[in-house]
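In what follows, every heavy atom counts, from backbone to side chain, and hydrogens, waters and symmetry copies are set aside.
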Amino acid sequence: METLQRHPAEKDLGQQNAHMLNSIAAAERCVRRLVNDGFTVHTIEMRDRQPVIWIAPDARCANFEGVVRLARTTLGTRFTVMTTTIDGCYVQWIGN
């Protein structure tokens with residue numbers, strides 16, 4: 001099991017904020033990895049647990065072995081949200 005690393009600013013900003021500092025660091029690692037691999041990052045959502053990073057759909061997303069998180073039909077158009085975990089973040093994209 002991976003040991004939780006403490007953020008250097010935790011002692012100054014308080015333990016109650018540590019989860020957000022760790023999430024920001026995880027999101028940065030993940031975004032750097034995705035960008036270096038040539039993916040387009042659309043948005044980053046910081047949440048209670050893991051950051052959610054939305055990327056542009058790409059044929060290479062099939063290599064992630066993502067799972068269907070949500071399938072919806074909107075005005076007759078069906079779309080599927082795919083997700084996988086990378087560097088402690090949920091990476092999501094629209095797939096069909």
Side-chain angles (χ1 to χ4, degrees):
M1 184 169 162
E2 186 177 329
T3 304
L4 180 64
Q5 295 181 359
R6 301 268 181 218
H7 193 279
E10 182 179 335
K11 65 180 179 180
D12 296 328
L13 299 177
Q15 186 175 6
Q16 72 276 14
N17 296 312
H19 69 286
M20 290 307 296
L21 296 169
N22 291 327
S23 291
I24 291 168
E28 183 177 6
R29 282 190 307 273
C30 185
V31 167
R32 286 184 186 277
R33 180 175 174 181
L34 290 166
V35 169
N36 286 337
D37 289 345
F39 290 94
T40 301
V41 175
H42 285 301
T43 60
I44 302 170
E45 301 172 7
M46 302 308 288
R47 301 220 177 146
D48 293 339
R49 296 180 184 216
Q50 292 176 295
V52 177
I53 299 172
W54 285 88
I55 60 173
D58 189 293
R60 294 172 296 158
C61 290
N63 297 331
F64 289 148
E65 299 178 5
V67 297
V68 175
R69 181 179 165 270
L70 176 69
R72 281 198 178 154
T73 302
T74 304
L75 299 173
T77 303
R78 183 176 185 272
F79 68 94
T80 304
V81 175
M82 302 294 292
T83 188
T84 192
T85 303
I86 298 175
D87 290 334
C89 300
Y90 293 122
V91 176
Q92 297 184 165
W93 63 96
I94 302 295
N96 282 333

Colleague: Excluding sequence neighbours, so at least two apart, what forms salt bridge (charged side-chain N to carboxylate O under 4.0 Å, His left out) with Asp58?
Modeller: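 By the salt bridge (charged side-chain N to carboxylate O under 4.0 Å, His left out) rule, Asp58 matches Arg60.
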Colleague: Would you please name every residue forming a side-chain hydrogen bond (donor to acceptor under 3.5 Å, both in side chains) with Trp54, sequence neighbours left out?
Modeller: Glu45
Colleague: Does any non-hydrogen side-chain atom of Glu65 lie less than 4.5 Å from one of Thr84?
Modeller: no
Colleague: Taking all non-hydrogen atoms of both residues, which atom of Cys89 and which atom of Gln50 are closest, and how far apart?
Modeller: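 Residues Cys89 and Gln50, closest heavy atoms: N-NE2, 4.2 Å.
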Colleague: Which heavy-atom pair separates Gly88 from Pro51 by the least distance, and what is that distance?
Modeller: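 Heavy-atom minimum between the residues: O-CD, 3.8 Å.
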Colleague: Applying side-chain hydrogen bond (donor to acceptor under 3.5 Å, both in side chains) as the test, list every pair that has at least one member in residues 34-43; sequence neighbours left out.
Modeller: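 Sorted result for residues 34-43: empty, none.
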Colleague: Tell me whether Val67 is reachable from Ile55 by hopping between hydrophobic residues (I, L, V, M, F, W, Y) whose side-chain heavy atoms are closer than 4.5 Å.
Modeller: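 Unlinked, Ile55 and Val67 end up in two clusters.
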Colleague: Which value, rounded to the nearest 0.5 Å, describes the distance between Gln92 atom CD and Met82 atom CE?
Modeller: 10.5 Å
Colleague: If you compare all heavy atoms of Trp93 against all heavy atoms of Val91, which two are closest, and at what distance to 0.1 Å?
Modeller: CZ3-O, 3.5 Å
Colleague: What are the two closest non-hydrogen atoms of Leu34 and Phe64, and how far apart are they?
Modeller: CD2-CZ, 4.1 Å
Colleague: Which heavy atom in Cys61 sits nearest to a heavy atom in Ala56, and how many Å separate them?
Modeller: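 Looking at all heavy atoms of both residues, the closest pair is SG-O, 4.3 Å.
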Colleague: Search all heavy atoms of Ile53 against all heavy atoms of Ala27 and return the closest pair with its distance.
Modeller: CD1-O, 4.0 Å
